[in-house]
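Notes follow once the structure below has been shown.
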Amino acid sequence: MSVKKIIYLHGLESQQGGQKVDYLSNEGYVFAPEMDYKNNKNLFKDVLEEIKELGKPDLIIGSSIGGYFAYMLASYFKNVEVILFNPALKNRNIELKNIIKGKHEVKGTIALSEKDRVIDPKTTLEHLEEIGEIDNFKIQEMENIGHQLPFYNFRNIYRYHMK
């Protein structure tokens with residue numbers, strides 16, 4: 001799979017840019033906006049509109065609450081793959097508004113950290129079972145790490161997904 005347009009959405013306590021975005025920039029064009037999850041009530045709509053202006057992405061990647069956003073954004077595009085790292089699909093520690101799921105099926109890879117104390121990996125899997133989407137994802141378990149994702153694991157999951 002030759003990725004040309006990549007969307008990368010950081011987590012709640014993370015910053016825009018960094019080593020992961022630099023790495024992805026070697027793979028194609030990367031749109032990695034500053035995500036003000038706490039204060040921008042129109043963040044989902046704003047980012048969706050920016051992505052539509054760029055054209056359909058090839059891949060959307062998100063971590064934690066950015067994983068939830070990646071999942072929801074991908075549902076607006078047909079056949080867009082996702083990589084979700086410890087996604088906050090069910091439980092989030094902030095309330096988000098104005099997010100509506102699109103009509104398209106979401107497929108890709110979900111990487112879950114076994115020692116994550118912020119987003120319970122079991123809850124994520126149970127949620128996917130409940131909504132009938134577990135079979136849409138390759139589940140990759142990451143051992144011996146917590147919620148924060150080291151670059152090494154990020155790179156390896158990206159490579160695993162791209163096989």
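Just so you know, residue 1 is the first one in the sequence shown, and it goes up from there. What you are looking at is a predicted structure, and each value in this text was computed from that prediction instead of being measured.
- Checked against side chain to side chain donor-acceptor pair (under 3.5 Å), N39 has the following partners two or more places apart in sequence or in another chain: D36.
- Residues N86 and I119 approach most closely at O-CG1, 3.8 Å, considering heavy atoms.
- Of all the heavy atoms in H161 and G108, the pair that sits closest is CE1-CA, 3.9 Å.
- Minimum heavy-atom separation, V82 to V106: CG2-CG1, 3.8 Å.
- In this structure T123 satisfies the side chain to side chain donor-acceptor pair (under 3.5 Å) test together with D120, sequence neighbours excluded.
- Looking at F44 and L73, their side chains come closer than 4.5 Å, going by heavy atoms from C-beta outward.
- Heavy-atom neighbours of E141 CD from other residues, nucleotides or ligands within 6.0 Å: at or below the threshold of 12.
- More than 12 heavy atoms of other residues, nucleotides or ligands sit less than 6.0 Å from atom NZ of K56.
- Heavy atoms of other residues, nucleotides or ligands lying less than 6.0 angstrom from NZ of K45 number 12 at most.
- For D58 (side chain) and K4 (main-chain N/O), a donor-acceptor pair under 3.5 Å exists by modelled atom type.
- When all heavy atoms of Y68 and A88 are compared, the closest pair comes out as CB-O, 3.4 Å.
- At a threshold of 4.5 Å between non-hydrogen side-chain atoms, the residues F31 and I60 do not count as touching.
- Contact check for P33 versus L9: side-chain heavy atoms found under the 4.5 Å cut-off.
- Side-chain contact check for K90 versus E130: some heavy-atom pair is nearer than 4.5 Å.
- The salt bridge (charged side-chain N to carboxylate O under 4.0 Å, His left out) analysis of residues 101-116, with sequence neighbours excluded, yields the pairs K101-E133, E105-K107.
- The cationic atom of K20 (NZ for Lys, CZ for Arg) does not lie both less than 6.0 Å from the six-membered ring centre of Y8 and within 45° of the ring axis.
- Between the side chain of H10 and the backbone N or O of G66, no donor-acceptor pair lies under 3.5 Å.
- In this view, N98 satisfies the side chain to side chain donor-acceptor pair (under 3.5 Å) rule with no residue, not counting sequence neighbours.
- Applying the ring pair (Phe, Tyr, Trp, His ring centres under 6.0 Å) test to pairs two or more places apart or on separate chains, those with a residue in residues 84-133 are F85-F154.
- For the residue pair P57 and I51, the shortest heavy atom distance occurs at CD-CG2, 3.8 Å.
- Listed here is the closest heavy atom pair of S25 and V30: N-CG2, 3.6 Å.
- Among residues two or more places apart in sequence or in another chain, the side chain to side chain donor-acceptor pair (under 3.5 Å) test is passed with S64 by H147.
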